[in-house]
Amino acid sequence: MREFGSFDYVIVGAGSAGCLLANRLSGDPNTRVLLLEAGGRDDYFWIDIPVGYLYTIDNPRTDWCYKTSPDEHLAGRSIHYARGRGLGGCSSINAMIHMRGQKEDYDHWAALGNRGWTWDEVLPLFQSLEDYQHGAVDTYGAGGELRVEDPRVRWEILDAWRAAAAECGIAPIRVFNTGDNTGCAYFQMNQKRGVRWSATKAFLRPVLHRKNLTVVTDAHVTGLQIEGRTVSGVTFRAGRDSRFAKASREVVLAAGAIGSPQILQLSGVGPGGLLQQCGIPVLHDLPGVGENLHDHLQIRLQYKVSGVKTLNTMANSLWGKAAMGLEYLMFRTGPLTMPPSQLGAFAKSDPSQPTANIEWHVQPLSLDKFGDPLHPFPAITPSVCNLRPASRGWVRVKSADPFTYPEIKLNYLQAPEDRKVAVDAIRATRRIMAAKALAKYRPEEFKPGAAVQSQAALEQAAGELGTTIFHPIGTCRMGNDALAVVDERLRVRGLERLRVIDASIMPRITSGNTNAPTTMIAEKGARMLLADA
């Protein structure tokens with residue numbers, strides 16, 4: 001094995017967290033930083049164009065193309081589990097929705113004993129990162145690296161859905177992200193003048209000129225080098241070569257909720273029984289590594305509509321495609337700027353909930369699954385998810401081979417309360433679709449279908465329609481109990497000079513899309529690293 005060099009910090013993973021960490025840690029020219037990315041560069045044509053998610057998800061050039069293990073309550077299905085492959089990670093293929101979550105999310109983290117993580121303490125971090133197109137208003141920050149903009153296309157059917165939600169008690173609000181998201185609004189997005197604004201653009205490209213920052217792509221980390229209880233570096237494969245990079249200060253895992261626990265387990269850090277079963281020597285028995293996996297399961301109800309334009313009708317027409325392409329080319333506006341969802345709504349599934357616990361992502365389109373063609377008729381998809389699922393799964397290596405994908409098991413809808421919320425959410429969606437504001441478009445439910453009415457039938461439908469919104473978190477969760485993996489300063493418990501700084505440290509999932517919280521976690525983690533140095 002060849003030695004690659006000695007650095008102060010070695011960062012594993014160049015996704016949303018890793019790009020920011022590389023930026024912050026290399027700010028001192030005397031600090032040597034190595035950033036390792038298992039994927040390639042982010043130079044694929046469809047990454048920059050927002051609607052390109054249709055071509056980057058389930059594409060092995062940009063997506064690791066994981067599959068989940070079959071879930072009993074998803075009708076026994078295994079589903080595609082997209083994770084960004086390349087610089088920018090998931091920020092190069094995600095929905096671009098800028099969603100902090102709600103006050104309750106972070107106050108809950110702090111209530112578990114994680115000091116410094118309340119809403120009031122993390123809000124300034126969010127604001128320091130943001131560059132809102134209207135300036136420092138609506139609780140947003142201005143002047144940061146992470147561009148936040150309003151949608152650049154409007155749809156009549158979405159305006160009508162917003163009016164229908166208001167009829168059902170979900171009031172229109174100006175923006176989300178104020179701490180309580182209850183209401184209906186158009187999402188703000190990480191775009192700049194109609195172009196995806198990934199973590200690479202925000203944090204990495206501006207500092208690539210720094211001589212003390214080394215970025216290596218196609219570098220697959222195979223394990224941590226551990227001497228006693230101290231992590232001294234990482235081993236990685238670049239082409240056919242196996243190499244070792246030394247870290248004199250710290251190694252930082254920023255490989256995400258799938259990659260970070262996998263690397264720990266391959267290195268002998270994790271549940272002892274699992275590691276022994278896979279023939280991996282147990283260096284540090286840490287039972288929580290890979291556990292606590294959870295995610296937002298969206299239930300994709302779909303409705304045919306009449307007398308109104310949707311993306312289905314435009315994308316299935318040669319003239320429509322030409323018009324969309326020309327508008328984007330000339331003005332950077334129109335449907336090619338749109339993420340999967342532009343309109344959102346938050347509400348309680350029942351009055352006993354303390355805060356909004358369900359969220360809609362309303363899409364002016366329909367398809368069987370992302371990667372499939374749009375349906376040949378006008379339709380919309382009011383997709384609804386449970387923001388605080390109780391079901392938990394895991395990420396577990398299957399062998400000592402670092403190139404073998406781990407088992408990803410979500411156990412979606414396993415908890416009875418999750419099935420209840422799913423049914424309540426379907427019924428709430430139907431009430432909105434039956435409101436007067438949508439009547440003139442004659443919405444006709446074709447998934448799951450109006451005949452599906454009983455509790456049992458709706459639970460079954462939720463399992464048949466449910467799919468991920470690609471928000472895996474929690475597999476290296478922060479805390480101070482026996483199953484916690486990192487402490488409140490994101491240091492791996494029981495080891496020296498090793499931290500995990502990515503979405504895997506979340507004790508419980510945030511309310512909504514997880515990219516902005518991941519970036520905040522990275523900013524907080526970077527400040528901790530610099531303070532401790």
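- Looking only at atom types and distance, the side chain of Tyr53 has no donor-acceptor partner in the side chain of Asn94 under 3.5 Å away.
- Considering all non-hydrogen atoms of both residues, Ile49 and Leu336 come closest at CG2-O, 3.7 Å.
- Looking at Val51 and Thr337, their side chains never come closer than 4.5 Å, going by heavy atoms from C-beta outward.
- Neither side chain, Thr310 nor Trp155, offers a donor N or O lying under 3.5 Å from an acceptor on the other.
- With sequence neighbours excluded, no residue satisfies side chain to side chain donor-acceptor pair (under 3.5 Å) with Arg193.
- Checking each of Arg392, Arg396, Lys409 against Glu291 for a salt bridge (Lys or Arg N to Asp or Glu O under 4.0 Å) leaves exactly one that passes, namely Arg396.
- Between Asp481 and Arg477 there is a salt bridge, since at least one side-chain N of the basic residue sits less than 4.0 Å from a carboxylate O of the acidic one.
- Counting heavy atoms from C-beta outward, Ile521 and Trp117 have side chains that approach closer than 4.5 Å.
- The CZ atom of Phe203 sits 9.0 Å away from the OG atom of Ser91 when rounded to the nearest 0.5 Å.
- The existence of a salt bridge linking Asp42 and Lys201 is excluded, since no basic side-chain nitrogen approaches an acidic carboxylate oxygen closer than 4.0 Å.
- Ring geometry for Tyr132 against His134 counts as perpendicular: the plane angle is over 60°, on a 0 to 90° scale with 30° as the lower cut.
- Taking a 6.0 Å sphere around NZ of Lys369, one finds it holds 12 or fewer heavy atoms contributed by other residues, nucleotides or ligands.
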*Glu121 and Tyr106: side chain to side chain donor-acceptor pair (under 3.5 Å), yes or no, with the steps?*
CA-CA 9 Å; Glu121 289 166 306; Tyr106 302 97; over 6 Å; no
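- For Glu145 and Arg24, the salt-bridge test passes: some basic side-chain N is under 4.0 Å from an acidic carboxylate O.
- Close placement of the Phe446 and His375 rings is indicated, their centers lying within 6.0 Å of each other.
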_salt bridge (Lys or Arg N to Asp or Glu O under 4.0 Å) assessment of Arg147 paired with Glu149_ = CA-CA 7 Å; Arg147 185 68 174 175; Glu149 295 190 351; 2.8 Å; yes
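- Using modelled atom types and a 3.5 Å distance limit, the side chains of Thr355 and Arg388 yield a donor-acceptor pair.
- Within 6.0 Å of CZ in Arg115 there are 12 or fewer heavy atoms belonging to other residues, nucleotides or ligands.
- Arg162 and Asp159 are not joined by a salt bridge, as no carboxylate oxygen comes within less than 4.0 angstrom of a charged side-chain nitrogen.
- For Ala516, the side-chain contact (heavy atoms from CB on, under 4.5 Å) test picks out His98, Phe126, with sequence neighbours left out.
- With rounding to the nearest 0.5 Å, the separation of CG in Asn312 from OG1 in Thr381 is 7.5 Å.
- More than 12 heavy-atom neighbours from other residues, nucleotides or ligands sit within 6.0 angstrom of OH on Tyr66.
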*Step-by-step salt bridge (Lys or Arg N to Asp or Glu O under 4.0 Å) determination, Lys420 to Asp350*: CA-CA 10 Å; Lys420 179 184 184 305; Asp350 69 73; 3.7 Å; yes
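- Considering CE of Met433 and CH2 of Trp161, their distance stands at 8.5 Å, rounded to 0.5 Å.
- Atom-to-atom distance recorded for Lys103:NZ and Asn181:CG is 13.5 Å, nearest 0.5 angstrom.
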*Run the side chain to side chain donor-acceptor pair (under 3.5 Å) check on Asn292 and Thr475 step by step: do they pass?*
CA-CA 5 Å; Asn292 191 47; Thr475 49; over 6 Å; no
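- Put simply, the residue from Thr519, Asn190, Thr518, Asn515 that forms a side chain to side chain donor-acceptor pair (under 3.5 Å) with Ser16 is Asn515.
- Of all the heavy atoms in Pro507 and His294, the pair that sits closest is O-CE1, 3.8 Å.
- Under the 3.5 Å distance criterion, with hydrogens and angles disregarded, no donor-acceptor pair is assigned to the side chains of Thr118 and Asp120.
- Looking at Lys447 and Glu464, no side-chain N of the basic residue comes within less than 4.0 Å of a carboxylate O on the acidic one, giving no salt bridge.
- A donor-acceptor contact closer than 3.5 angstrom links the side chains of Asp295 and Tyr81.
- Within the cation-pi definition used here (under 6.0 Å to the ring centroid, within 45° of the axis), Arg85 qualifies as a partner of Trp64.
- Side-chain N/O atoms of Gln188 and Tyr140 include a donor and acceptor closer than 3.5 Å.
- Defined by atom type and a distance below 3.5 Å, a donor-acceptor pair is present between the side-chain atoms of Gln102 and Ser511.
- Among residues at least two apart or in separate chains, ring pair (Phe, Tyr, Trp, His ring centres under 6.0 Å) pairs with a member in residues 171-199 are Phe176-Phe187, Phe176-Phe346, Phe187-His361.
- With rounding to the nearest 0.5 Å, the separation of CG in Leu20 from CD in Glu523 is 5.0 Å.
- Using a 3.5 Å distance cut-off with no hydrogens or angles, the side chains of Arg300 and Gln363 do pair a donor with an acceptor.
- The aromatic rings of His296 and His471 sit perpendicular to each other, their planes meeting at more than 60°, with 30° as the lower class boundary.
- Here Asp131 does not pair with Lys192 in a salt bridge; the nearest charged N to carboxylate O distance is not below 4.0 Å.
- Nearest approach of Ser383 to Gln298, heavy atoms of both residues: OG-OE1, 2.6 Å.
- The number of heavy atoms from other shown groups lying within 6.0 Å of CD (Glu167) is above 12.
- For the pair Thr333/Tyr328, no side-chain contact is recorded, criterion being any heavy-atom separation below 4.5 Å from C-beta on.
- Taking both residues in full, the closest heavy atoms of Asp502 and Leu253 are given as OD2-O, 3.7 Å, listed atom of the first, atom of the second, then distance.
- Under the 3.5 Å distance criterion, with hydrogens and angles disregarded, a donor-acceptor pair is assigned to the side chains of Arg100 and Thr139.
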